[in-house]
J.: 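Take this structure first; my questions come after.
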Amino acid sequence: MNDYLEVFDKFKDVKEIFDLCDDVHKLREYYRAGQFQKMQEHIKSLMIKYSLETLVWNAVNTQPPLTCEQAYINAENFLCAQGAKIIAEKIFEYQSRLLPDEISFIESIIKPME
């Protein structure tokens, strides 16, 4: 699997996943365009949007990003984990929409979070 958004796209009918995918696209757009100030502002807005999840994430990931690239990677990883959590917790029988390797992908992300 190349991109977790391919899996998340299967759940875009769920508003939280649709919004999260939009957040990922914005993050990637800012990073690829070299608009690092806008990217940092977007990351800050995500930290507010997911304030409790951010606190948990930062408690586990204690080394703060020092570069724009590290901030981007950290935010990508956070959004991937957040999306997998939303899918597993809020979408009844989510497995029925996924291929076996996609189920394994989601479960590999949420297992360490439990």
J.: Would you give the length of the straight line joining atom CG of N74 to atom CD of E76, rounded to the nearest 0.5 angstrom?
T.: 10.5 Å

J.: Which pair of non-hydrogen atoms, one from C80 and one from I109, has the smallest distance, and what is that distance?
T.: SG-CD1, 3.5 Å

J.: Between atom CG of L55 and atom CE of M47, what is the distance when rounded to the nearest 0.5 Å?
T.: 8.5 Å

J.: Would you say K10 and L99 make side-chain contact, with heavy atoms under 4.5 Å?
T.: yes

J.: Run the numbers on K15 and D22 for salt bridge (Lys or Arg N to Asp or Glu O under 4.0 Å), then give the verdict.
T.: CA-CA 10 Å; K15 183 173 179 1; D22 186 52; over 6 Å; no

J.: Is there a side-chain contact between N61 and F78, using heavy atoms and a 4.5 Å cut-off?
T.: no

J.: Can you find a heavy atom in the side chain of H25 that is under 4.5 Å from one in the side chain of L5?
T.: yes

J.: Hydrophobic clustering (ILVMFWY, side-chain heavy atoms < 4.5 Å, transitive) - are V56 and I43 grouped together?
T.: no

J.: How many angstroms lie between atom CD of E102 and atom CD of E107, to the nearest 0.5 angstrom?
T.: 12.0 Å

J.: Hey, does K26 have a side-chain heavy atom less than 4.5 Å from the side chain of L46?
T.: no

J.: Tell me if a side-chain donor or acceptor on Q70 pairs with a main-chain N or O of T67 at a distance below 3.5 Å.
T.: yes

J.: How far does CD1 of I106 sit from OH of Y94, to the nearest 0.5 angstrom?
T.: 7.0 Å

J.: Return the minimal non-hydrogen interatomic distance between L79 and Y50, and the atom names on each side.
T.: CD2-CE1, 4.3 Å

J.: Provide the closest heavy-atom pair for C68 versus M39 in the form atom of the first, atom of the second, distance.
T.: O-CE, 3.4 Å

J.: What I'd like to find out is whether the side chain of Q63 reaches to under 4.5 Å of the side chain of N58, using heavy atoms alone.
T.: no

J.: How about Y4 and C21: do any of their side-chain heavy atoms sit closer than 4.5 Å?
T.: no

J.: Do you know the tightest heavy-atom contact between K12 and F18?
T.: O-CB, 3.5 Å

J.: Step by step, work out the side-chain hydrogen bond (donor to acceptor under 3.5 Å, both in side chains) result for N77 and W57.
T.: CA-CA 10 Å; N77 291 337; W57 181 265; over 6 Å; no

J.: So among L20, I17, D23, which one has a side chain to side chain contact (heavy atoms under 4.5 Å, CB included) with Q82?
T.: L20

J.: Would Y30 and E41 count as a side-chain hydrogen bond (donor to acceptor under 3.5 Å, both in side chains) if you check the C-alpha gap in whole Å, the side-chain angles of each, and the deciding distance to 0.1 Å?
T.: CA-CA 10 Å; Y30 294 143; E41 291 169 9; over 6 Å; no

J.: What's the separation between atom CD1 in I87 and atom CZ in F11, rounded to the nearest 0.5 Å?
T.: 5.0 Å

J.: Could you grab the distance from atom NE2 of H42 to atom CD of Q37, nearest 0.5 Å is fine?
T.: 14.0 Å

J.: For V7 versus L98, what's the shortest heavy-atom pair and its separation?
T.: CG1-CD2, 3.7 Å

J.: For residues A71 and Q40, report the shortest heavy-atom separation together with the two atoms involved.
T.: CB-NE2, 3.9 Å

J.: Do K49 and D19 touch side chain to side chain, with heavy atoms closer than 4.5 Å?
T.: yes

J.: Take D13 and R97 through the salt bridge (Lys or Arg N to Asp or Glu O under 4.0 Å) test and state the conclusion after the steps.
T.: CA-CA 12 Å; D13 59 312; R97 297 192 196 186; 2.8 Å; yes

